[in-house]
Amino acid sequence: MAKEFGHFINGKRVGGESDRFQDVFNPTTGEVQGRVRLADRSDVARAVEAAQTAFPEWAATNPQRRARVMFKFRELLEKDMDNLARLLSQEHGKILPDSRGDIQRGLEVIEFACGIPHLQKGEYTDQAGAGIDVYSMRQPLGVCAGITPFNFPAMIPMWMFGVAIACGNTFVNKPSERDPSVPLRLAELMMEAGLPDGVLNVVNGDKEAVDALIDDPRVKAISFVGSSDIAQYIYSRSAAENKRVQCFGGAKNHLVILPDADMDNVVNNLIGSAYGSAGERCMATPVAVPVGEKTAQTLVEMLKPRVEGLRIGPSLSEDSDLGPLVTAAHKARVSNYIQTAIDEGQECVVDGRGFKLQGYENGFFLGGTLLDFAKPEHKSYHEEIFGPVLQIARAANFEEAVELPSKHQYGNGVAIFTRNGDAAREFARKVNVGMVGVNVPIPVPVSYHSFGGWKRSGFGDTNQYGMEGVRFWTKVKTVTSRWPDDIQGAEFVIPTMG
Ligand code: NAD
């Protein structure tokens, strides 16, 4: 029987009121495996109400006890890893090792959040003036919301609720309607870890649920990760409601290859970073920028057989390089971009559009595709494709290689491969992109640094997780206090009990 996914409100799974549903697919077989109920405004209001009711007590819970819930959650997550990874792969389509990676990166943010007693400590100045002390504290904001994308259904909710809840906030997660199982399961595990009812809620839904969260004055902060047009919409609507807001958008990350780079290493890394997870990663590298003709020629010659030899398999496989795309609609979108690139004059070195996996002919599979001679004026280069497609944009020299990612509308991640420390340093300093890898293809910062892109990849002032996360999910209150010692008639006595 097909599964039905509702919401998680006030400590338990609930069905919800709305009669709108969306199908959830198994991307490997192409079959509908369930349907998710799309929340209406009353479902969202119930989740916010639960979070609002839970807030005062959770905010007053001492940070060490909040941290203990995170320690326990971490332990439960590790125990449930295989089950979670299977749930994730079956709905998303990424292969099991990628699903475990998704959960692991979220878990690392939970480990960071375990340090909240230390991270949330305030500051104190003794004797700022005669008899005056000044201290500041970081207080939680209240009910917070996270709107998350399909491509990391474990990691990105944990980036958000892990830090927000550790800081003393209560939370409503609105995950992607395409893969609802894992966010619901994470909420159950948080309860098992000792979180009080109402502190973490999950509402499944679409634009209606998102608009309801933005319009609700009880929601004090919104964090969003997804595509850029929606990021910009949520950013401007939430800011107009005077909410604290950060929105992270799409990407088109470049990997620059200088002539002195170790080409075996470059090709091995590119195969993983361009085609892994079927290219459905915001930190994938869909553009390679070889510098100089010889580098470009060698790159294409070495990449072609590797792309043709990619092992494509069902999402529950352990030993494939990639699985299917998330939906048939997304597969059609990626295929259209490949055609656009060809029409724009790019050379299709490997065309993955004809690929069919034997036994899974209705699955949403697309073979690895390699396109050469992409140019800045091409629509297919300018826009995000989000599939197993690598475009080569040749650069004549170092300056051009810095300029290509710097001038692109997106500025999430970028990488440079070289043996020259000077050139790498110059590149990292000059390039107009938020996260830079030096001989590292996917430079996702570790959990105690912070994650965030520039330009149309990031709207707002703060990054995800790390100290930036603690700052986003708290507000500073500063107290200036004076205890005069010359109040007339006052005696210096220390009050005692009874
Ligand atoms: P998406 O923008 O379609 O959806 C993201 C979220 O927004 C979902 O929860 C969805 O239900 C909601 N949403 C969809 N349409 C909406 C609308 N009209 N109004 C309000 N809310 C709406 O993104 P996706 O396809 O789920 O995820 C892929 C995208 O996310 C890619 O563009 C990828 O680059 C980006 N992404 C960015 C980062 C980052 O950190 N910058 C990380 C992961 C993914």
Side-chain angles (χ1 to χ4, degrees), residues 5 20 22 24 36-39 44 91-94 98 102 105-106 109 145-160 172-180 182-183 202-215 222-238 245-253 277-286 325-327 329-331 333-334 337 383-387 408-414 433-435 442-445 450-460 462-465 468-469:
F5 304 97
R20 290 192 309 125
Q22 181 164 318
V24 177
V36 60
R37 203 186 278 264
L38 302 174
V44 174
E91 286 177 6
H92 179 289
K94 62 174 90 171
D98 283 334
D102 187 335
R105 293 310 291 247
V109 172
I147 300 156
T148 50
F150 84 85
N151 70 324
F152 282 99
M155 176 183 83
I156 296 179
M158 283 193 269
W159 280 2
M160 297 179 184
V172 180
N173 180 201
K174 206 303 289 165
S176 169
E177 55 278 43
R178 284 179 265 180
D179 43 12
V182 169
V202 181
V203 281
N204 277 304
D206 56 6
K207 182 175 184 333
E208 184 173 340
V210 171
D211 285 342
L213 286 168
I214 297 172
D215 292 338
I222 293 189
S223 180
F224 168 88
V225 176
S227 52
S228 291
D229 287 348
I230 297 169
Q232 189 164 9
Y233 165 76
I234 292 174
Y235 184 75
S236 47
R237 282 266 277 107
S238 306
V245 56
Q246 54 173 199
C247 294
F248 299 89
K252 191 90 177 188
N253 308 317
S277 236
E280 293 171 324
R281 288 179 181 141
C282 64
M283 287 295 272
T285 44
L325 291 169
V326 67
T327 56
H330 187 55
K331 178 185 163 181
R333 188 172 172 272
V334 175
Y337 270 117
E383 295 179 5
E384 179 181 44
I385 297 178
F386 221 55
H408 200 280
Q409 62 164 336
Y410 295 119
N412 215 36
V414 71
V433 172
M435 292 172 279
I442 302 188
V444 176
S450 74
F451 181 106
W454 290 1
K455 299 179 278 181
R456 282 185 63 73
S457 298
F459 301 80
T462 44
N463 281 358
Q464 291 280 358
Y465 63 77
E468 289 269 293

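For this chain, numbers begin at 1 and follow the sequence in order. Atoms within a ligand are numbered from 1 in the order they appear, just like the ligands themselves.
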Name all residues meeting the side-chain contact (heavy atoms from CB on, under 4.5 Å) criterion together with Asp206; count only those two or more places apart in sequence or in a different chain, and write none if there are none. Arg20, Leu38, Glu177, Glu208
Per the under 4.0 Å non-hydrogen criterion, ligand 1 touches Ile147, Thr148, Pro149, Phe150, Asn151, Ile156, Lys174, Pro175, Ser176, Glu177, Arg178, Gly205, Lys207, Val210, Phe224, Val225, Gly226, Ser227, Ile230, Phe248, Gly249, Gly250, Ala251, Cys282, Glu384, Phe386, Asn412, Phe451
Nearest heavy-atom pair of Asn253 and Ala284: which atoms, and what distance? ND2-O, 2.8 Å
Would you name the heavy atoms of Val414 and Pro443 that are closest together and state the gap between them? O-CG, 3.7 Å
With no hydrogens and no angle check, just 3.5 Å: does a side-chain donor-acceptor pair link Tyr337 and Glu383? yes
Take the angle between the ring planes of Trp159 and Phe451 and call it parallel below 30°, perpendicular above 60°, tilted in between. tilted
Aromatic plane relationship, His330 with Phe386 - under 30° parallel, 30 to 60° tilted, over 60° perpendicular: perpendicular
